[in-house]
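Naming: A, B, ... by sequence-line order, numbering from 1 per chain. As the structure is a prediction and not an experimental result, all values here were calculated from the model.
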Amino acid sequence: MKVSDVFPDEFLNITGSDFELYKHQIDAIERLKNNENVIVSVPTASGKSLIGYYAIYKAFLAGKKSMYIVPLRSLAMEKYEELLNLRSLNMRITISIGDYDSPPSFIKNNDVIVVTSERADSMIHHDPDIINDFGAIIADEIHIINDEDRGPRLETVLSSIRVINPDALILGLSATISNVNELAQWLNASTVVSNFRAVPLELGIIYKKRLITDSYERYLGQPDELSLIKDIINDGGQALVFRNSRKNAEKYAEMLIQHLPEFNDFNNDGMPESLVKMIRHGIAYHHAGLSNEDRRNIEEMFKNGYIKVISATPTLAAGVNLPARLVIIRDITRYSNGYSRPISNIEIQQMLGRAGRPKYDKMGYGYIYAASPASYDAAKKALSGEPEPVISKMDSQRLMRFNILALISSGMASRMEDLILFYNETLMAIQKDVDDYYIESALYFLKENGFIDGDVTYNATRLGRLTSDLYIDPETALILKSALDHDYDEKLYLYYICRTPDMINIPAGTREYEYIEDFLEDINVFDFSEESLSAAKTAMVLLGWINEMPMQKITDTYNIGPGDVQQKASSADWISYSLYRLSSVYKKEMESKLFHLNIRIKEGIKPDLIDLIKIPKVGRVRARRLYDNGFKTVDDIARSSPENIEKIFGFSKNLAAEIVNSAMKISSMYYRSQ
DNA sequence: CGTGTCGTGTTGCGGCTCACGGAGC
DNA sequence: CCGCAACACGACACG
């Protein structure tokens, strides 16, 4: 079976040629053709995309829409860009993820929508009927159902689809897992399992300066894996090294530049200096402490060969497609919750799966480094070991409260029976005994705290609906509500925002306790528990952020990376928006203050820039410059002329013209609405 | 002789990846 | 457990 046997001719422009399909692709496509749901479990880089294309195309022919669900925003962007190819078949493609504004009607006018699990979940809660428009649902990386926090979101989405529209075709794409059959049983799907890899992979262990594979052993001559990396580079290839902590990733990159010459004369003002220096040697580190911009830059430079080696934390293994000929897993354990634990096999497979670039490399190499006899045994096990099963994590009280509120608020359920029916459709029902007691106690909590009312038939209250629409944990809503009992205070409110379970806070080191405790005393909070301290530390970071403390100073003071600040600001942005919305119900007089707080957190600005920031292309830095040069409001700028703006440092002619233009539009809109 | 800076060695304690979300009067 | 940060102490330069 060839591409042209399944797809129309225009499709060949996308694939480039009319090649013979792999067996697992044919198997999966045949089943989809028969209207069977399918779970495909194959290693990365083995042509899963094509199967997805088929499901989408089939739905399209039937006049139905498709939903493509991925676990990460970066993956959503990547998939979206790839699927844009389908426009040549007259399909309309769109994307909907959290930080991307899309008009409410966006789905009506499109055929394919790429979403994160959370976005899919929230869409369904908002309007369950929407599911009936879909003919195909593709769940990429479906094994994330195993993830403690985020797995249940995808599980809920797929269960809802089973309940509302069992006719929608479900295609689950999974890494290699041990219980594909259970997933298949849950989704009433058939399975396609294969070990096929488009680029063959050689596995090995680096131990005592030797490389040991199944078929041969050889002496490496140089300390550890250094010679392997040098050889790969000299041969025009690239390498990825995975480390278990940010610090280790950086240290490793630092070590590498001692041994590798300068390849280029790279320069970049925004990047940390140490990183710029490494890039000149063709080396970079990569972890979530880097700003998003720097991370994307590094990924891009790796893709086009400018960077030869990346030393990374697991961000890279789960993220966008970034293969390299050589992958070295340097650590096989990771510190978490007080212990050093072995990294899961699924994760090991995911890292090894990055070895070998399809079309460029004849062979991929995936090696694990072992320092001791014990870790040698562990490495051996990891290479041959059975991957873990995917286990539903839905049976957590917190998630059930969240979920049951959503079901009631959306109208999908209003009685105990409805809820039982829904939970019967989950993977959890197959794997665990779901005691009705779980549901009852969640209902009790929701009723007790005013999220729902009614006795046998439940309804969401105003608070309940708002909480569900905002996509926040009910506990978060309660904490935010209790914040509203206090008079407005920047520090205190930030602290409350950070105390909600939807925030993931920056851990506080013992050495920092003193100044953090001072902060807590200052806002009259006398809870010095670990959670409170880390919430306070995060609040302090945010406090710096909204008072325009320079990024460098924030990261130095709190010993974190710019990426952490961005990430905390974005979470706090979302929670503070929720706080603002809650205030419109419970404390009207606080509304505008909290609206401003939300903007300040989103943009990282002091109150005086709130007006200027409305102008497109004006961020915290430019706004401050405009302000310091006497342009304090949008109207000031609208009344001025580009010549005056140009004089300010950092404003080009074009930019100045554009800014004045936008300012005029914004302020004229303002007058019209008066 | 006092002060300040740099360098070395020892001790004691803390160590830790990633990441989604907001749609009305 | 291991590695890092903090600290103590000494050498040295200089006024």
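Under 4.0 angstrom from either OP1 or OP2 of B/dC16 there lies no side-chain N or O belonging to A/Arg334. Side-chain nitrogen and oxygen atoms of A/Lys602 include none within less than 4.0 Å of the OP1 or OP2 phosphate oxygen of B/dG22. Phosphate contact (OP1/OP2 of B/dC18, side-chain N/O of A/Arg150, threshold under 4.0 Å): absent.
The cationic group of A/Lys481 lies under 6.0 Å from the six-membered ring centre of A/Tyr586 and within 45° of the ring axis, placing it in a cation-pi geometry.
B/dC16 and C/dA5: their P atoms are spaced 10 Å apart (whole Å). Atom name C1', nucleotides B/dC20 and C/dC1: the rounded distance is 35 Å, in whole Å.
No more than 12 heavy-atom neighbours from other residues, nucleotides or ligands sit within 6.0 angstrom of CG on A/Asn559.
Residue A/Ser117 is classed as having no contact, given no heavy-atom separation below 4.0 Å to the nucleic acid. Nucleic acid contact for A/Ile504: base, since at least one base atom lies under 4.0 Å from a heavy atom of the residue. Residue contacts for A/Lys568: at a heavy-atom cut-off of 4.0 Å it reaches no nucleic acid atom on any strand shown. Within 4.0 Å (heavy atoms only), A/Ser578 reaches no atom of the nucleic acid at all. Using a 4.0 Å heavy-atom distance criterion, A/Asp502 is classed as a base contact. If you check every strand for non-hydrogen atoms under 4.0 Å, A/Tyr471 touches sugar and phosphate atoms only.
In the interface, the side chain of A/Asp573 is paired with the base of B/dG22 through a donor and an acceptor atom under 3.5 Å apart. No hydrogens or angles were tested; on distance alone, nothing pairs the side chain of A/Ser122 with the base of B/dG22 as donor and acceptor under 3.5 Å.
Between A/Leu478 and A/Asn449 there is a side-chain heavy-atom pair separated by less than 4.5 Å.
A salt bridge is absent between A/Glu254 and A/Lys251: the closest approach of a Lys/Arg side-chain nitrogen to an acidic carboxylate oxygen does not fall below 4.0 angstrom.
For A/Asn598, taking side-chain heavy atoms from C-beta onward, the closest of the listed nucleotides B/dA19, B/dG14, B/dG22 is B/dG22.
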